[in-house]
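A short write-up of the structure that comes next.
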Amino acid sequence: MTLLTRIPGLTLKNPIMPASGCFGFGREYSELFDLNKLGAIIIKAATLESRYGNQTPRVAETSSGMLNAIGLQNPGVEAIIDNEVSFLANYDLPIIANVAGSTVEEYVAVTKAFTRTANIDAIELNISCPNVKEGGIQFGTDPTLAAEVTASVKQASKVPVYVKLSPNVSNITTMARAVESAGADGLSMINTLTGMQINLNSRRPLLANKTGGLSGPAIKPVAIRMIYEVRQQTSIPIIGMGGIMTAEDVLEFLLAGANAVAVGTANFHNPFVCPEIIEALPEVLAKYGFSSVEQAVGKGHEYGHKDLSRT
Amino acid sequence: MTLLTRIPGLTLKNPIMPASGCFGFGREYSELFDLNKLGAIIIKAATLESRYGNQTPRVAETSSGMLNAIGLQNPGVEAIIDNEVSFLANYDLPIIANVAGSTVEEYVAVTKAFTRTANIDAIELNISCPNVKEGGIQFGTDPTLAAEVTASVKQASKVPVYVKLSPNVSNITTMARAVESAGADGLSMINTLTGMQINLNSRRPLLANKTGGLSGPAIKPVAIRMIYEVRQQTSIPIIGMGGIMTAEDVLEFLLAGANAVAVGTANFHNPFVCPEIIEALPEVLAKYGFSSVEQAVGKGHEYGHKDLSRT
Amino acid sequence: MNKTSVTIISKKIIAKETIELTFHAEGYVNQISPGQFIHINVGNGSSNLLRRPISIADVDVDSQIVTIIFKIVGVGTDQLSRTEVGDKLDILLPCGSGYPINQLELDRALIIGGGIGVPPLYYLAKQLNKQGVAVTAVIGFQSKDYVFYESKFKELGNCHVVTDDGSYGFKGFVTDLLNDTPIDYDYFFSCGPTGMLKAVSTQLKNRNGYISIEQRMGCGVGACYACVVPTNDGTNGFKKICKDGPVFQANEVVLV
Amino acid sequence: MNKTSVTIISKKIIAKETIELTFHAEGYVNQISPGQFIHINVGNGSSNLLRRPISIADVDVDSQIVTIIFKIVGVGTDQLSRTEVGDKLDILLPCGSGYPINQLELDRALIIGGGIGVPPLYYLAKQLNKQGVAVTAVIGFQSKDYVFYESKFKELGNCHVVTDDGSYGFKGFVTDLLNDTPIDYDYFFSCGPTGMLKAVSTQLKNRNGYISIEQRMGCGVGACYACVVPTNDGTNGFKKICKDGPVFQANEVVLV
Ligand SMILES: Cc1cc2nc3c(=O)[nH]c(=O)nc-3n(C[C@H](O)[C@H](O)[C@H](O)COP(=O)(O)OP(=O)(O)OC[C@H]3O[C@@H](n4cnc5c(N)ncnc54)[C@H](O)[C@@H]3O)c2cc1C
Ligand SMILES: Cc1cc2nc3c(=O)[nH]c(=O)nc-3n(C[C@H](O)[C@H](O)[C@H](O)COP(=O)(O)OP(=O)(O)OC[C@H]3O[C@@H](n4cnc5c(N)ncnc54)[C@H](O)[C@@H]3O)c2cc1C
Ligand SMILES: Cc1cc2nc3c(=O)[nH]c(=O)nc-3n(C[C@H](O)[C@H](O)[C@H](O)COP(=O)(O)O)c2cc1C
Ligand SMILES: Cc1cc2nc3c(=O)[nH]c(=O)nc-3n(C[C@H](O)[C@H](O)[C@H](O)COP(=O)(O)O)c2cc1C
Ligand code: FES
Ligand code: FES
């Protein structure tokens, strides 16, 4: 049984990495377990300047999920490189930097800043941010804008670029094909679905930002569907995410076509979930007849053995 | 306390109705409780001809939700009028007919057929169906197609037309405004989010149709967000739905801007859920300071009293 | 059909991964006919919205006690297996249409069960036996560890146990035993996995019989059309397993 | 910070909607300082993903027993209120930074608590008392039915009870009592609803003190930035309540 996973720029001991924004820069979790156990780490979104983010409350619980509106709080790319990437460089752990911005220029500047350190192995391009120049349209819901920012970042980057797709679109394959054509080395999907919760006492949206991103098991069926659809129409690798809680969930993502996976919200439920999934994965793969991670990728698209009838 | 709710074509004893496809034509539930308790009934989608629907399995459970791919199985509009509407006409219960189709012509024909009976009080236009003429693009994800079918059905209908919006779009307000301009009397939202579950044993999508519609509490935050957004940009009434399980959920929908609500998946969990919600609603409204349903509608948009600090 | 909350009065592991639960269902048991099922809320807040259908395995009208038997195969049955004596269960009962034994003329019945298809056949066998029908049961399991209720069937008549691997009783499938062993009967009654039901229906296609089939359910009451099965009469018709079934005449519906 | 599974050893309703639970936490209690909290998985499958933060109300180092007190205000605390003696709780502990009493020079402490802000102050008062500090407690509640731990605070020093409606003790807010009643102290320590903390911080802005604040949490370990609060020093800085707090110097952070 091998968990070894190879995708552009990344040779992973195993296909499990914490999702961006759900693991900070790894410091807190490094006090709980050895980060070297992870396949990789996707760090919190970086912008050019430091950002305070949204007002609180920033999170709300929903049925089998949660809403968040952190608002990209981060100390800015330079501080991240100096204080956080340097810390993570002590580990034998591929680092994926999540890049955010409000203009193409900002995305490019953040990407260029990251190229100053040799410790970033890949860029995850977070196109779910509103484009201030285009009046707030999200890069992630317009294929032309998405292709444009992808091409520019790709040019600025020395490492492979994974474009993180937003699920808030009518047609995910159009988005995926647009960024693939623009040069994306891989895809990361899905980001959160936009949602809201209204507090009955205050008669207001509970989050200070009103809307927030829905994550957790609630959205897993949407993630699986989108990955399955995109797998049939693109050929670049996919880092899958959205509601993963267990090693069985990981296998479902692999079958759908993900090459590796990220775990987000589950870290809040159980801070040890990543190492626990990594530990459980070999047995689960074996149980369902696989002897490696790579063997399982995309197998949900073939007709396998039939639903075993139970006697 | 009054639960009375008035929306175009419908004077409802209370704002609660079973959602289309989740209550058949009421027959089975009529054996369990008195249908006169309901605010209204939205019957199962009707097409022009009888349809068998998709292969089984047609449903799958997901975290706090379910997927369905029934495939619009129904005996055709004429049989529905003869056998089902006639049965429901014995009740003191407004009937909303859910109209489906693969072409604008089919939508119009079904609508015209329903106008032959005086017992249909409103049409719910289900535009989540793929348009066979336009190569399978859903009417519900293209504002131009949606406006076109709305205008045609509106012309054919003698009763108010509520257009049922699909949540699988980048921008729900564009869709809502398009159908409002085309003459919709109201909106019904949301239909299901497209999702998938892959069975680890069979290595195939569990549903025979591969994808299915995600419903239940998992999608409630998406429904609330979309209704909230649409309420700010349109002025026609909204029948809200998506994950309602309790009277508190109903109030959350009212605050978001729904004028009435439909309950779908919850019926499967508890076949008595509609009358139970109706029974609980007055107390819940009172608890949060309302003395009627209409008073609560849209109140999540105003700044109410602050989150009460607890001592 | 009623919705009620019942209290578990006994819980027993009767075979590998196989659990027998009993509960009082005062006032409801007289309505139950063999082959019907209960539709169970497996709890866990709103995580598990869909109820699970489990057949009624036995009814004691005197004590108003219902028995169910289930195998742990997933999250719902796992949860159900964690309920303890004294816990409440939220159920719908009785659901579906059972074996129409009161409308049949028969002296000898053949019962053919596979795995977790065996439970409803036990109550059927008991009722048939009570009506003076001679019952022969052929019950198949994966292997020795999964065998249950052999002695209970033996109390009612003949019982042949079959295991896929031969670790107990006859080795092979129930249809192999039927090929090998001449049994006299007027009607057969079968429940089990689809593969078995297909084999049985094909092999016994000239005989009178009833089968009970499964499908993933939404409502369980006939409203959602999740559980349809096409009829075999060429009319493009269909039946709802939760309402018209789960029991059908053999060859009445197309097994998929 | 550790993740562990503890067994509930006692459960008591100590006031209206207010429950006291105790559990053994062998090996963990020596790390706990007053003001820290535990982060609880309230169960129910994946329905409730976010843990609930509840302050540590008391610690018995000899018996290694931890006490928590919570009020039922929503689905999570409701669920918690249904746990029974013998049930397991999945918790993270100890979380956050407590009152830095070992670093303070003080002889007299003023404790100001409101509602479910009172529990962490009890363990604080006990530790202060142990260190020879004279403790005066002012604890406020909605009304008589909600009052708890008055006698426990009285064992440690002076205790004034205040109720919003005057149904017990002094009528009004804790700040009204502080206006009325001269109390000598070196440091104040306060925990309660934000409105109360604001009033207290304003009224006592020239005194040394610490407050403990609440915010909705994601991770509870400092990784997600859900629980930030701006600092008051004009640097655009911030603190994380789950990690840097919940205890802060009065006026160190902006109360929102
Ligand atoms: C009429 C009827 C009678 C049944 N009687 C029994 C019985 O007496 N004993 C017994 O052990 N089992 C019986 N079953 C099968 C039983 O319902 C499933 O094993 C059970 O629902 C699986 O649930 P799960 O959550 O453990 O499995 P999962 O696979 O996790 O279930 C997920 C979902 O799939 C559905 N599902 C999975 N397998 C089946 C299946 N075979 N049939 C229908 N739905 C399924 C579940 O209801 C649930 O909605 C019966 C099924 C039907 C339709
Ligand atoms: C550091 C800290 C210590 C606390 N100590 C105590 C204590 O000792 N006793 C006690 O009764 N309560 C305490 N609270 C408040 C307690 O955490 C909330 O009352 C509880 O989380 C409410 O959960 P619920 O599911 O019942 O309510 P719901 O309103 O249904 O909760 C939904 C979500 O909101 C969060 N939430 C709701 N209210 C609060 C709040 N006031 N603060 C933080 N999150 C909230 C919940 O954690 C959950 O994620 C403390 C809070 C913090 C931050
Ligand atoms: C609190 C929180 C913060 C997040 N921050 C980011 C972020 O900074 N950048 C990003 O691309 N995605 C961010 N995400 C999205 C996650 O990386 C992930 O795509 C999503 O949550 C789905 O996975 P999950 O269901 O496992 O959480 C955030 C999610 C959460 C819950
Ligand atoms: C089994 C099932 C069948 C449905 N059939 C229809 C339908 O025929 N027409 C329609 O407009 N919506 C249909 N829906 C969508 C529901 O009416 C409703 O919009 C959706 O399920 C969200 O509400 P809920 O979360 O309360 O179920 C169906 C939903 C389910 C679960
Ligand atoms: S399960 Fe709904 S019709 Fe059978
Ligand atoms: S709750 Fe995550 S940083 Fe505090």
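Just so it is clear: chains get the letters A, B, ... in the order the sequence lines come, proteins before strands, and each one is counted from 1. Values below: every heavy atom of this structure, side chains too, minus hydrogens, waters and symmetry copies.
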(message) To check you understand the geometry: which heavy-atom pair defines the closest contact between Thr194(A) and Arg225(B), and what is its length?
(response) O-NE, 2.9 Å
(message) Quick check: closest heavy atoms across Glu302(B) and Arg204(A), and the distance to 0.1 Å?
(response) O-CG, 4.0 Å
(message) Within the structure provided, determine whether Ile224(A) and Gln197(B) are in side-chain contact (heavy-atom separation under 4.5 Å).
(response) no
(message) Less than 4.5 Å to any heavy atom of chain A: does that hold for the side chain of Leu214(B), its backbone, both, or neither?
(response) side chain
(message) More than 12 heavy atoms of other residues, nucleotides or ligands under 6.0 Å from CD of Glu283(A): yes or no?
(response) no
(request) May I ask you to name which of Ala296(A), Gly243(A), Pro221(A), Gly140(A) has the most heavy-atom pairs under 4.5 Å with chain B? (result) Pro221(A)
(message) Please find the pair of heavy atoms, one from Tyr288(B) and one from Asn201(A), that lie closest to each other, and give the distance.
(response) CE2-OD1, 3.5 Å
(request) Tell me, with the steps shown, if Ser64(A) and Ser64(B) meet side chain to side chain donor-acceptor pair (under 3.5 Å). (result) CA-CA 6 Å; Ser64(A) 297; Ser64(B) 296; 2.5 Å; yes
(message) If I measure from the heavy atoms of chain A, does Thr211(B) come under 4.5 Å with its side chain, its backbone, both, or neither?
(response) side chain
(request) Give, as side chain, backbone, both or neither, the part of Thr62(B) having an atom under 4.5 angstrom from any heavy atom of chain A. (result) side chain
Under 3.5 Å, side-chain donor or acceptor atoms of residues 252-264 of chain A against the rest of the protein: list the pairs with distances, not counting sequence neighbours.
residue, atom, partner, partner atom, Å
Glu252(A), OE1, Lys220(A), NZ, 2.9
Glu252(A), OE2, Ile198(B), N, 2.9
Asn259(A), OD1, Ile238(A), N, 2.9

(message) If we define contacts as heavy-atom pairs under 4.5 Å, which of Ser63(B), Gly289(B), Pro217(B) has the most with chain A?
(response) Ser63(B)
(request) Indicate yes or no: at least one non-hydrogen side-chain atom of Ile219(A) is less than 4.5 angstrom from one of Leu193(B). (result) no
(request) Heavy-atom pairs under 4.5 Å with chain A are the metric here; pick the option from Gly212(B), Pro205(B), Pro167(B), Gly216(B) that has the most. (result) Pro205(B)
(message) Can you confirm whether Glu279(A) is buried at CD, in the sense that more than 12 heavy atoms of other residues, nucleotides or ligands lie under 6.0 Å from that atom?
(response) no
(message) I'd like to check Tyr228(B) versus Lys210(A) (side-chain heavy atoms, cut-off strictly below 4.5 Å). Are they in contact?
(response) yes
(message) So which residue, Thr141(A), Asn168(A), Ile172(A), ends up with the most heavy-atom pairs under 4.5 Å with chain B?
(response) Asn168(A)
(request) Quick one: pull up NE2 in His301(B) and CZ in Arg203(A) and give me the separation to the nearest 0.5 Å. (result) 13.5 Å
(message) Counting only heavy atoms from other residues, nucleotides and ligands, does the tally under 6.0 Å from CD of Gln233(B) exceed 12?
(response) yes
